[in-house]
Amino acid sequence: MDSDIKTRVTPLEDLKLPVKEGQDCLVIIYSSDARQFGKRYLLTAETVSIGRGSENEVVLENDAVSRKHAVIEKRSRAYYVRDLESTNGTYVNDSLVRDYQLRRGDQVKIGDTILKFLSGSDMEAQYHETIYKMTIVDGLTGVNNKRFFLDAMDREIPRARRHQRPLSLVMMDLDHFKGINDTFGHLAGDFVLKEFAQLVKSRLRPDDILARYGGEEFAVILPETDRDGACKIADEIRKMVAAHRFEFEREPVSVTLSCGVAQLAEGWDVLHFVKAADDRLYVAKNSGRNQVAS
């Protein structure tokens, strides 16, 4: 039986799909207070104030934040962040700003908190993508976080055993990091962590995995690499860090690195592997720092 139903072909460019508009917002992607992660502040008013004082729309309870620190202002169709002569300044994408027009994806750093500016269509997709990245990426340094590191170890250890290939782990710790915070302030410490992470990334190979393990401690998983090869890579990184000029607001900051290296052994699980590298890291620390122990 013939059908009178006919197929109609419509070019994709002729489809007028609705554009989902969302409310512009700020999302906390990094904070020393874990309860703040992922918190969203809608920019519904012409002016949104940020500071330590309870009268602000965005309250950041941190000693590095001034009582009235900054405001987000809507001017015409754009948003601007304006610093209110705060003690420690307002930063956008690591640059100190006084009055700055925000663009989609900009990161605003106030005290130890980083807020990401989301704007434009499909806001929910942007928000959920940001939240997902927070589960695997350290918001401060931009490298993998501890959760991603542990998941990667769960993959790499069976793979190394299955193919009978070496696998090494380097645990790294910045020397006297508390002294950097005490001398130059926590903003300088955050700057050093971020600069250090990017420096290490520049030396690693595509398959190597760098993660911030916690605080000033970082880990590097080195597939297809034995202990001697891992020691060589760790020492090259150590020398790069010692030679690099870390400079925060025109003040030079002296930074050195201690490393512990271990190669995967029979019967080790993730915890054994991490402990072995960590134990060697403490040997490097207790032997004078700025060295590699294996």
Thr256 versus Asn290, side-chain donor and acceptor atoms under 3.5 Å: no
Between Leu257 and Arg238, the two heavy atoms sitting closest are O-CG, 3.5 Å
Side-chain heavy atoms of Glu73 within contact of Glu46, under 4.5 Å:
no
Correct closest heavy-atom pair for Ala230 and Ser168 would be CB-CB, 3.5 Å
> Would you call Glu216 and Lys178 a salt bridge, taking side-chain N to carboxylate O under 4.0 Å as the test?
Replying inline: no
### Query
Taking side chain as C-beta onward, heavy atoms only, is Leu140 less than 4.5 Å from Leu193?
yes
Please confirm whether the ring centroid of Phe218 lies under 6.0 Å from the ring centroid of Tyr213.
no
- Are Arg52 and Glu61 close enough for a salt bridge, meaning some N to O gap below 4.0 Å? no
Under a 4.0 Å threshold between the charged nitrogen and the carboxylate oxygen, would Glu236 count as salt-bridged to Lys239? no
| request: Tell me whether the centres of the aromatic rings in Phe246 and Phe196 are closer together than 6.0 Å. | output: no
- CG (Asp63) with more than 12 external heavy atoms under 6.0 Å: no
- Are Val261 and Leu169 co-members of a hydrophobic cluster defined by side-chain heavy atoms under 4.5 Å apart? no
- Item | Transitive ILVMFWY side-chain link Val274 to Val220, under 4.5 Å | no
*Assess whether salt bridge (Lys or Arg N to Asp or Glu O under 4.0 Å) is satisfied between Asp279 and Lys275, documenting all intermediate values.*
CA-CA 6 Å; Asp279 287 346; Lys275 186 178 185 304; 2.9 Å; yes
### Transitive ILVMFWY side-chain link Ile221 to Ile233, under 4.5 Å
no
Which word best sums up how the rings of Tyr30 and Phe37 line up, parallel for under 30°, tilted for 30 to 60°, or perpendicular for over 60°?
perpendicular
**Asked** Are any of the side-chain nitrogens in Lys109 or Asp94 under 4.0 Å away from the carboxylate oxygens of its partner?
**Response** no
Has Lys194 got more than 12 heavy atoms of other residues, nucleotides or ligands less than 6.0 Å from its NZ? yes
- For the pair Arg289 and Asp173, find out whether any cationic side-chain nitrogen is under 4.0 Å from an anionic carboxylate oxygen. no
On a heavy-atom basis, the closest approach of Phe117 and Arg103 is CD2-O, 3.4 Å
Can you check salt bridge (Lys or Arg N to Asp or Glu O under 4.0 Å) on Asp24 and Lys74, steps first, answer last? CA-CA 11 Å; Asp24 299 328; Lys74 189 173 185 180; 5.6 Å; no
- Run the salt-bridge test on Arg155 and Asp151 with the 4.0 Å N-O cut-off and return the result as yes or no. no
Just checking, any donor-acceptor pair under 3.5 angstrom between side chains of Gln101 and Tyr80? yes
Practice task
Could you tell me whether Arg75 and Asp99 have a side-chain N and a carboxylate O separated by less than 4.0 Å?
Solution key: yes
Practice problem: Flag the pair Arg205 and Asp208 as a salt bridge only when some basic side-chain nitrogen lies within less than 4.0 angstrom of an acidic carboxylate oxygen. | Solution: yes
